Each structure stands twice: as structure tokens, then as C-alpha cells.
Amino acid sequence: MKKYKTGLVLSGGGTRGFAHLGVIAALFEKGIRPDVISGASAGAIVGTFIASGKTPEEIMAIFNKGWFFKYTNLHLPVDGMLKLNGLKEVIQQEIPYENIEDLPVDFFVSVSNLNLGKVEYRNSGPLDKIVLASSSIPVLFSPVKIDGQLYVDGGLVDNIPVEPIKNDCEHIVAVNISPLNPRKKFKNLIQIATRTFYMSVNANMNEVKKYSSVYIEPEGIDSYDILSLSHANELYELGYNSLKNAALLF
């Protein structure tokens, strides 16, 4: 017998994470609530709020306060062009749990250890620092130091982290908000940097689909900039409709 009935895997993808909230809202409407969540980057951010017991609507209200740009500071590019210096404060203010293992729902976060050059799946330890590390896209954002090691975006090695829960769930719902479809134009260096990053993050797609009862990739989501907050409601609806219209296999 499997440890969990339903697992939810949420990929990274910057502010496209609003689509995750729409998917989860549709799941809740169908009476499906995850018993375990695994997330990378934006998926780790959304996942930690869901695992803490908040609803998609409550999380949407928090995110719509402009948390991303309000809490991102430009600084000299020694180790990153941007600094996610306030995401930790938002987590501390909105989530009454200090450690991952304290959350009501079991939760795994993929983080990339720069020093050792490998991915780690954390399901214990300081919630704020680990989620912050998982969200720090290399070059764009500064690494996060945990226990003397430098960590960056979990998506660098595993952007759809099915690995830590793949053998423990009867059913897995995986959501990918970073498909790599052809793109003709790039507006700036940040778009080029993020495109370069995501070229490497879809390597384990066959593994993800193999273990997923439901695989969601909202149509057209790759046309949205991963650092823009201007389409939050559109992305939410995109995610909602993609799951609402999907044929669930359980």
C-alpha cells in the first residue's frame, strides 16, 4: 500500500506560478486535495502556502500585493542581478510554521547545491531559507547559504521534482509551467538568461510523465514572461481551465 493517495508536483516558472493556483483551485473543486506536495522554485513557493493550509484564493490575494517586485532589489551583479531579499519576510509573515516538517501537509522542495553540484530534496529544515534558495534562478538571483553551502534554484537540476514522491503515491498530478516551445524574439538580457536556464530543465520529462496519473501543461503559458505580474488573473484562469477540462484518471 502506498504512503499517500494523491501527490502534487509543481514546476518552477517565475510569476507563471499564478497558473499553479488555478490548477489547485480546480483540483479542490473536484474534491481532490494533495496528501504530499513536491515543488521547485515558483512551485515551491505556491506549494509551501498550500501545504500550510491556505486556499488558492487566499494565496492569490497575498501574491497580488505585488510581493515579487516589492521584495526584489536590484544590486551590483557580484553573484546575481537581482536579490529576493523580501520573499523570506513574506513567508515569515504569512505562514505560522518555521520548519518544513511542521507543515500540516508533507512537503518536499528541490534545491540545487552549488558547492556539490547536485540536486537535493529537502523535507525538513528552515522553511523560509529553503524556499528562497529553490526560487533563486542562477545569474538572475543571488544564491542562498544554508549550513555553509550555497544553494540556487531547484529547477536547475530538477524543475518538476517527481523524484522524492514517485514511489509513494497512488496518483500524482504534475503541473509544468515551463514548457520549452520555439520562440522568435527576446526583449532583453533577462529573457535570454531565463531562456538559457529553462533549456536544461525539461530533461526528465519522460520520467515525470511515466509516474504521473495527470500531467498538466497549460496551453499557451510559455507566451507569458516569467518576471511579469501584469497577467496574474489570466494565468490563474489558464491553470484553472487546464485542470477543469482535463480527464482525471482517478
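Below, each value reflects all heavy atoms present in this structure, side chains not excepted, and no hydrogens, waters or symmetry copies. Please read all numbers here as calculations on a predicted model, not as lab measurements.
At most 12 non-hydrogen atoms from other residues, nucleotides or ligands lie less than 6.0 angstrom from CD of Glu219. More than 12 heavy atoms of other residues, nucleotides or ligands sit less than 6.0 Å from atom NZ of Lys2. Counting non-hydrogen atoms of other residues, nucleotides and ligands closer than 6.0 Å to CG of Asp147 gives a total of 12 or fewer. For Lys54, the NZ atom counts as densely surrounded, since its 6.0 Å shell holds more than 12 non-hydrogen atoms of other residues, nucleotides or ligands.
Using modelled atom types, one side-chain atom of Ser134 and one backbone atom of Ser41 make a donor-acceptor pair closer than 3.5 Å. Between the side chain of Ser112 and the backbone N or O of Asp153, at least one donor-acceptor pair lies under 3.5 Å. Using modelled atom types, one side-chain atom of Ser223 and one backbone atom of Gly220 make a donor-acceptor pair closer than 3.5 Å. A distance-only check finds no donor-acceptor pair linking the side chain of Gln149 to the backbone of Ile146 [under 3.5 Å].
The OG atom of Ser212 lies 12.5 Å from the NE2 atom of His171; values are rounded to the nearest 0.5 Å. One distance of note links OG of Ser135 with CD1 of Ile130; it measures 11.5 Å at 0.5 Å rounding. Here Ile165 contributes atom CD1 and Asp35 contributes atom CG; the two are 10.0 Å apart, rounded to the nearest 0.5 Å. The CD1 atom of Ile24 sits 6.5 Å away from atom CD1 of Ile37, with the distance rounded to the nearest 0.5 Å. Going from atom CD1 of Ile172 over to atom CD1 of Ile160 covers 12.0 Å, rounded to the nearest 0.5 Å. Annotation: the span from Leu103 atom CG to Ile95 atom CD1 amounts to 7.0 Å, rounded to 0.5 Å.
The nearest pair of heavy atoms linking Ser110 to Gly155 is OG-N, 4.3 Å. In terms of heavy atoms, Val109 sits closest to Ala44 at CG1-CB, 3.9 Å. Of all non-hydrogen atoms in Val144 and Ser136, the two that sit nearest each other are CG2-OG, 3.9 Å. Heavy atoms only, all atoms of each residue included: Pro164 and Asp168 are closest at O-OD2, 3.9 Å.
Between Leu8 and Val36, every side-chain heavy-atom pair lies at or beyond the 4.5 Å cut-off. For the pair Val208 and Asn176, the minimum side-chain heavy-atom distance is 4.5 Å or more. Residues Asn113 and Val119 have side chains not in contact (no heavy-atom distance under 4.5 Å, counting atoms from C-beta outward). Side-chain contact between Ser124 and Phe107 is absent, with no heavy atoms from C-beta onward closer than 4.5 Å. Between Ser178 and Arg16 there is a side-chain heavy-atom pair separated by less than 4.5 Å. Side-chain contact between Glu57 and Tyr236 is present, with heavy atoms from C-beta onward closer than 4.5 Å. His20 places a side-chain heavy atom less than 4.5 Å from the side chain of Ser11. Looking only at side-chain heavy atoms (C-beta outward), Val9 and Pro161 come within less than 4.5 Å of each other.
For the side chain to side chain contact (heavy atoms under 4.5 Å, CB included) test, residues two or more places apart in sequence or in another chain that qualify with Lys145 are Leu150. Among residues two or more places apart in sequence or in another chain, the ring pair (Phe, Tyr, Trp, His ring centres under 6.0 Å) test is passed with Tyr151 by none. For Pro218, the side chain to side chain contact (heavy atoms under 4.5 Å, CB included) partners are Ile216, Ile221, Leu238, Ser242, not counting sequence neighbours. Applying the side-chain hydrogen bond (donor to acceptor under 3.5 Å, both in side chains) test to Tyr4 and every residue at least two apart in sequence or in another chain returns Asp106. Residues that satisfy the side chain to side chain contact (heavy atoms under 4.5 Å, CB included) test with Glu163, not counting sequence neighbours, are Tyr121, Asp158, Lys166, Glu207. Listed by chain and number, the residues in a side chain to side chain contact (heavy atoms under 4.5 Å, CB included) with Lys209 are Met205, Tyr215 (sequence neighbours excluded).
Residues in residues 114-134 take part in these salt bridge (Lys or Arg N to Asp or Glu O under 4.0 Å) pairs, two or more places apart or across chains: Glu120-Arg122. Screening residues 94-103 for salt bridge (Lys or Arg N to Asp or Glu O under 4.0 Å) gives Lys65-Glu94 as the qualifying pairs, with residues at least two apart or on separate chains. Applying the salt bridge (Lys or Arg N to Asp or Glu O under 4.0 Å) rule to pairs touching residues 18-34 yields nothing, sequence neighbours excluded.
The hydrophobic clustering, which links ILVMFWY residues whose side-chain heavy atoms are closer than 4.5 Å, places Ile62 and Ile91 together. Residues Val46 and Ile100 are members of one and the same hydrophobic cluster, defined by side-chain heavy-atom contacts under 4.5 angstrom among Ile, Leu, Val, Met, Phe, Trp and Tyr. Hydrophobic clustering of Ile, Leu, Val, Met, Phe, Trp and Tyr side chains at less than 4.5 Å, counting indirect connections, keeps Tyr240 apart from Leu27.
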Show the numbers, then the answer: is there a side-chain contact (heavy atoms from CB on, under 4.5 Å) between Met60 and Asn233? CA-CA 9 Å; Met60 191 73 175; Asn233 292 326; 3.3 Å; yes
Stepwise side-chain contact (heavy atoms from CB on, under 4.5 Å) test for Ile50 and Val105: CA-CA 8 Å; Ile50 292 294; Val105 176; over 6 Å; no
Does the pair Val152 and Leu114 meet the rule for a side-chain contact (heavy atoms from CB on, under 4.5 Å), with working shown? CA-CA 7 Å; Val152 293; Leu114 272 183; 3.7 Å; yes
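Taking the ring centroids of Phe49 and Phe63, they lie under the 6.0 Å cut-off.
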